[in-house]
Amino acid sequence: MRNAAQTLTVTMLLALAAGVAPPLAAQGEYSLGEVRSVDKDKRQVVMKAGEVKSIDMPPMTMPFHVREAKMLDQLQPGDKVKFRAINDAGKFTITEMLPAR
(Lines give C-alpha, C1' and ligand atoms only; values in the text may rest on other atoms or scores of the structure.)
Protein backbone atom coordinates (compact mmCIF):
# COMPACT_ATOMS: atom_id res chain seq x y z
CA MET A 1 0.00 0.00 0.00
CA ARG A 2 1.36 3.43 -0.95
CA ASN A 3 1.56 6.34 1.43
CA ALA A 4 0.36 9.80 0.41
CA ALA A 5 3.85 11.02 -0.61
CA GLN A 6 4.38 8.00 -2.88
CA THR A 7 0.97 8.46 -4.48
CA LEU A 8 1.68 12.17 -5.03
CA THR A 9 5.07 11.35 -6.59
CA VAL A 10 3.54 8.78 -8.95
CA THR A 11 0.81 11.26 -9.95
CA MET A 12 3.36 13.98 -10.69
CA LEU A 13 5.63 11.62 -12.65
CA LEU A 14 2.72 10.46 -14.80
CA ALA A 15 1.70 14.06 -15.46
CA LEU A 16 5.26 15.06 -16.35
CA ALA A 17 5.64 12.03 -18.64
CA ALA A 18 2.45 13.11 -20.41
CA GLY A 19 3.95 16.56 -20.89
CA VAL A 20 1.65 18.41 -18.53
CA ALA A 21 2.30 20.03 -15.18
CA PRO A 22 0.45 18.40 -12.31
CA PRO A 23 -2.50 20.38 -11.02
CA LEU A 24 -1.75 22.59 -8.03
CA ALA A 25 -3.96 20.46 -5.80
CA ALA A 26 -1.69 17.49 -6.55
CA GLN A 27 1.31 19.52 -5.42
CA GLY A 28 0.05 19.55 -1.84
CA GLU A 29 -0.94 22.21 0.59
CA TYR A 30 0.94 25.42 1.14
CA SER A 31 3.93 25.47 3.47
CA LEU A 32 5.14 28.53 5.32
CA GLY A 33 8.65 29.90 5.10
CA GLU A 34 10.88 32.89 5.69
CA VAL A 35 13.34 33.96 2.99
CA ARG A 36 16.95 33.91 4.20
CA SER A 37 18.71 34.69 0.90
CA VAL A 38 18.00 34.93 -2.83
CA ASP A 39 20.40 33.87 -5.60
CA LYS A 40 19.02 34.87 -9.00
CA ASP A 41 22.00 33.39 -10.88
CA LYS A 42 21.35 29.92 -9.42
CA ARG A 43 17.57 30.44 -9.52
CA GLN A 44 17.21 29.51 -5.89
CA VAL A 45 16.08 30.83 -2.54
CA VAL A 46 17.29 29.75 0.89
CA MET A 47 14.23 29.36 3.04
CA LYS A 48 13.64 28.71 6.72
CA ALA A 49 10.65 26.48 6.09
CA GLY A 50 8.09 24.79 8.23
CA GLU A 51 7.09 21.24 7.43
CA VAL A 52 6.75 20.63 3.68
CA LYS A 53 4.40 17.65 3.47
CA SER A 54 4.49 17.43 -0.34
CA ILE A 55 8.18 16.45 -0.22
CA ASP A 56 8.04 14.75 3.19
CA MET A 57 10.42 17.28 4.74
CA PRO A 58 10.47 18.34 8.40
CA PRO A 59 11.02 22.01 9.31
CA MET A 60 14.52 23.18 8.33
CA THR A 61 16.51 25.89 6.57
CA MET A 62 17.62 24.87 3.08
CA PRO A 63 17.91 26.05 -0.54
CA PHE A 64 15.01 25.55 -2.93
CA HIS A 65 15.10 25.98 -6.68
CA VAL A 66 12.25 27.92 -8.24
CA ARG A 67 10.36 26.80 -11.31
CA GLU A 68 10.32 30.33 -12.75
CA ALA A 69 13.12 32.85 -12.27
CA LYS A 70 10.63 35.73 -12.07
CA MET A 71 9.48 34.31 -8.72
CA LEU A 72 12.66 35.78 -7.23
CA ASP A 73 12.25 39.32 -8.58
CA GLN A 74 10.49 40.82 -5.56
CA LEU A 75 11.86 38.56 -2.79
CA GLN A 76 13.99 39.98 0.00
CA PRO A 77 15.56 38.31 3.04
CA GLY A 78 13.04 38.36 5.86
CA ASP A 79 9.97 38.05 3.59
CA LYS A 80 7.41 35.58 4.89
CA VAL A 81 5.83 33.45 2.17
CA LYS A 82 3.59 30.50 1.62
CA PHE A 83 4.69 28.10 -1.08
CA ARG A 84 4.20 24.76 -2.77
CA ALA A 85 7.17 22.53 -3.59
CA ILE A 86 7.89 19.30 -5.41
CA ASN A 87 10.85 16.96 -5.67
CA ASP A 88 11.84 17.38 -9.32
CA ALA A 89 14.36 14.60 -9.98
CA GLY A 90 16.18 15.30 -6.72
CA LYS A 91 15.83 19.10 -6.85
CA PHE A 92 13.44 20.54 -4.30
CA THR A 93 11.59 23.05 -6.46
CA ILE A 94 9.10 25.73 -5.53
CA THR A 95 6.23 25.74 -8.01
CA GLU A 96 4.14 28.51 -6.49
CA MET A 97 4.89 31.25 -3.95
CA LEU A 98 2.70 33.95 -2.40
CA PRO A 99 3.20 36.51 0.36
CA ALA A 100 2.10 35.10 3.73
CA ARG A 101 -0.45 37.19 5.56
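Rounded to the nearest 0.5 Å, atoms OG1 (Thr95) and CG (Asp88) are 10.0 Å apart. Going from atom CD of Glu68 over to atom CE of Met97 covers 10.5 Å, rounded to the nearest 0.5 Å.
Shown here are the side chain to side chain donor-acceptor pair (under 3.5 Å) partners of Lys80, two or more places apart in sequence or in another chain: Glu34. Looking at residues two or more places apart in sequence or on another chain, you find a side chain to side chain contact (heavy atoms under 4.5 Å, CB included) between Asp41 and Asp39. Applying the ring pair (Phe, Tyr, Trp, His ring centres under 6.0 Å) rule to Phe64 yields the partners Phe83; only residues at least two apart in sequence or on another chain are considered. The side chain to side chain contact (heavy atoms under 4.5 Å, CB included) check on Ser37 picks up Val46, with sequence neighbours excluded.
At a threshold of 4.5 Å between non-hydrogen side-chain atoms, the residues Arg36 and Pro77 do not count as touching. Using a 4.5 Å heavy-atom threshold, the side chains of Leu72 and Val66 count as touching. Side chains of Ile86 and Arg67 form a contact here, defined as non-hydrogen atoms less than 4.5 Å apart. For the pair Gln44/Ile94, no side-chain contact is recorded, criterion being any heavy-atom separation below 4.5 Å from C-beta on. Val81 has its side chain out of reach of Val45: every pair of non-hydrogen atoms, C-beta onward, lies at least 4.5 Å apart.
Between the side chain of Asp56 and the backbone N or O of Lys53 there is no donor-acceptor pair closer than 3.5 Å. Listed for the Arg84 side chain is no donor-acceptor partner under 3.5 Å among the backbone atoms of Glu29. Counting only distance, with no hydrogens or angles, the side chain of Ser54 and the backbone of Ala85 share a donor-acceptor pair below 3.5 Å.
Met62 and Met47 fall within a single hydrophobic cluster, where Ile, Leu, Val, Met, Phe, Trp and Tyr are joined by side-chain heavy atoms under 4.5 Å apart, directly or via other members. Residue Leu32 is not grouped with residue Met71 when hydrophobic side chains (ILVMFWY) are merged at heavy-atom distances under 4.5 angstrom, including chains of intermediate members.
Minimum heavy-atom separation, Leu98 to Glu96: CD1-OE2, 4.1 Å. Closest of all the heavy-atom pairs between Met57 and Gly50 is CE-O, 4.1 Å.
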